[in-house]
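Step one of this worksheet: look at the structure below.
Hydrogens, waters and symmetry mates play no part in the numbers below; they use all other heavy atoms, side chains included. None of the values given here were measured: they were computed from a predicted structure.
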Amino acid sequence: MPQMLRMPSKADLPDGTRRDFVAELFVHFKEAGRPTPARIAAKTSSMQDPLPVSRETIRRLLKGQTISTWERVDAVLRALCEIGGQDPDRRRWSESSDWNDDGDPTTCRERLRQLLNDDIDGVEPENTPAPVPPARSNSGWGAPRTQPTQDDPWATTPTPAPTTPAKGGYSDEPPF
């Protein structure tokens, strides 16, 4: 018997832009009654303006294991909304929300697209502090880095080529 898809745990999908995207997609998945990926895939092929999306892509999207193009994500959203009898262009937040006095006109489709773009661009969620990268280890194959930390991660200098060992000796460096 196939296992029911569930929102990934924080251990499987930590807080961040990907989790926010998956959580928003899960809102529509739950509204649709948690259909199987095969049913969602069939709906993406049979609805008006079809764009077939494989059930494996749908499963991976719902598990947070991949992202896809907006066209494919939108097809999945439209399929979920059609299955659940919802309009993807309805307002995401109702006017009755106490915290949302300004009546945010964002639609479900616009919200999901924004979260997808945030995930692709690596934009950190507004209310979540930026994660601290782990300290670098000096162990491993290469020699410890002696260059100072730079602000730009792309502005690193290339690692020098390993020196050739003395005649008859062997290098500790891997051949790649």
Side-chain angles (χ1 to χ4, degrees), residues 1-134 151-156:
M1 179 175 186
Q3 190 175 15
M4 181 74 62
L5 278 173
R6 297 180 185 172
M7 178 70 189
S9 69
K10 288 195 177 188
D12 292 333
L13 187 61
D15 285 334
T17 56
R18 178 73 50 92
R19 184 170 187 81
D20 292 346
F21 168 75
V22 172
E24 184 69 19
L25 194 57
F26 250 84
V27 167
H28 305 289
F29 178 68
K30 290 181 209 175
E31 286 176 347
R34 295 180 183 264
T36 64
R39 182 172 177 209
I40 301 167
K43 183 57 81 174
T44 62
S45 298
S46 67
M47 59 188 179
Q48 187 177 9
D49 296 329
L51 178 63
V53 181
S54 74
R55 63 181 183 210
E56 182 61 17
T57 298
I58 293 166
R59 187 192 68 76
R60 291 173 51 94
L61 279 170
L62 288 167
K63 297 292 255 174
Q65 296 171 340
T66 191
I67 56 174
S68 190
T69 63
W70 168 245
E71 290 77 17
R72 294 206 185 289
V73 171
D74 185 51
V76 171
L77 172 66
R78 289 184 297 123
L80 288 171
C81 287
E82 193 169 313
I83 292 169
Q86 300 290 329
D87 179 9
D89 292 316
R90 72 185 186 279
R91 290 178 62 169
R92 173 63 179 96
W93 293 278
S94 65
E95 294 180 56
S96 62
S97 297
D98 293 335
W99 65 270
N100 190 9
D101 293 338
D102 62 351
D104 186 350
T106 304
T107 66
C108 293
R109 182 176 286 170
E110 291 168 341
R111 176 71 177 150
L112 191 62
R113 187 172 194 167
Q114 180 61 51
L115 291 171
L116 174 67
N117 285 328
D118 286 353
D119 187 33
I120 292 169
D121 295 336
V123 175
E124 290 300 319
E126 291 178 17
N127 298 330
T128 306
V132 178
D151 290 337
D152 184 0
W154 300 106
T156 58

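- Remark: side-chain polar atoms of Arg78 are paired, donor with acceptor, to backbone N or O of Gln48 under 3.5 angstrom.
- Expressed to the nearest 0.5 Å, how far CZ of Arg18 lies from CG of Asp119 amounts to 4.0 Å.
- Atoms CZ and CZ, on Phe21 and Arg113 in that order, are 12.0 Å from each other to the nearest 0.5 Å.
- When the options Lys63, Lys30, Arg19 are evaluated for a side chain to side chain contact (heavy atoms under 4.5 Å, CB included) with Met7, the one that passes is Arg19.
- Between Asp121 atom CG and Thr17 atom OG1 the span is 9.0 Å, to the nearest 0.5 Å.
- Of all heavy-atom pairs spanning Ile40 and Leu80, the tightest one is CD1-CD2, 3.6 Å.
- Here the closest non-hydrogen pair linking Arg72 and Val53 is O-CG2, 3.9 Å.
- Note that CG of Asp89 is 8.5 Å distant from SG of Cys108, once rounded to the nearest 0.5 Å.
- Pairs engaging residues 31-47 under the side-chain hydrogen bond (donor to acceptor under 3.5 Å, both in side chains) rule: Glu31-Arg90, Lys43-Glu82 [sequence neighbours left out].
- Between Arg59 and Glu56 there is a salt bridge, since at least one side-chain N of the basic residue sits less than 4.0 Å from a carboxylate O of the acidic one.
- Pairing each heavy atom of Val22 with each of Gly64, the nearest pair is CG2-CA, 3.5 Å.
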- [ ] Could you walk me through whether Arg111 and Leu115 pass side-chain contact (heavy atoms from CB on, under 4.5 Å), step by step?
- [x] CA-CA 6 Å; Arg111 176 71 177 150; Leu115 291 171; 3.8 Å; yes

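- Closest heavy-atom contact between Val27 and Arg92: CG2-NH2, 3.8 Å.
- The two residues Leu5 and Pro37 have their closest heavy-atom pair at CD1-CG, 3.7 Å.
- Between Leu77 atom CG and Leu116 atom CG the span is 11.5 Å, to the nearest 0.5 Å.
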Task: His28 and Gln86: CA distance, side-chain angles, deciding distance, side-chain contact (heavy atoms from CB on, under 4.5 Å) verdict - done: CA-CA 9 Å; His28 305 289; Gln86 300 290 329; over 6 Å; no

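- For the ring-ring contact (aromatic ring centres under 6.0 Å, His included) test, residues two or more places apart in sequence or in another chain that qualify with Phe29 are Phe26.
- Taking CZ from Arg60 and CZ from Arg55, the interatomic distance works out to 14.5 Å, rounded to the nearest 0.5 Å.
- Shown here for Leu61 and Ser68, the closest heavy-atom pair between the two residues is CD2-N, 4.1 Å.
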Task: Residues Ile67, Ile120; criterion side-chain contact (heavy atoms from CB on, under 4.5 Å); working and verdict - done: CA-CA 8 Å; Ile67 56 174; Ile120 292 169; 3.4 Å; yes

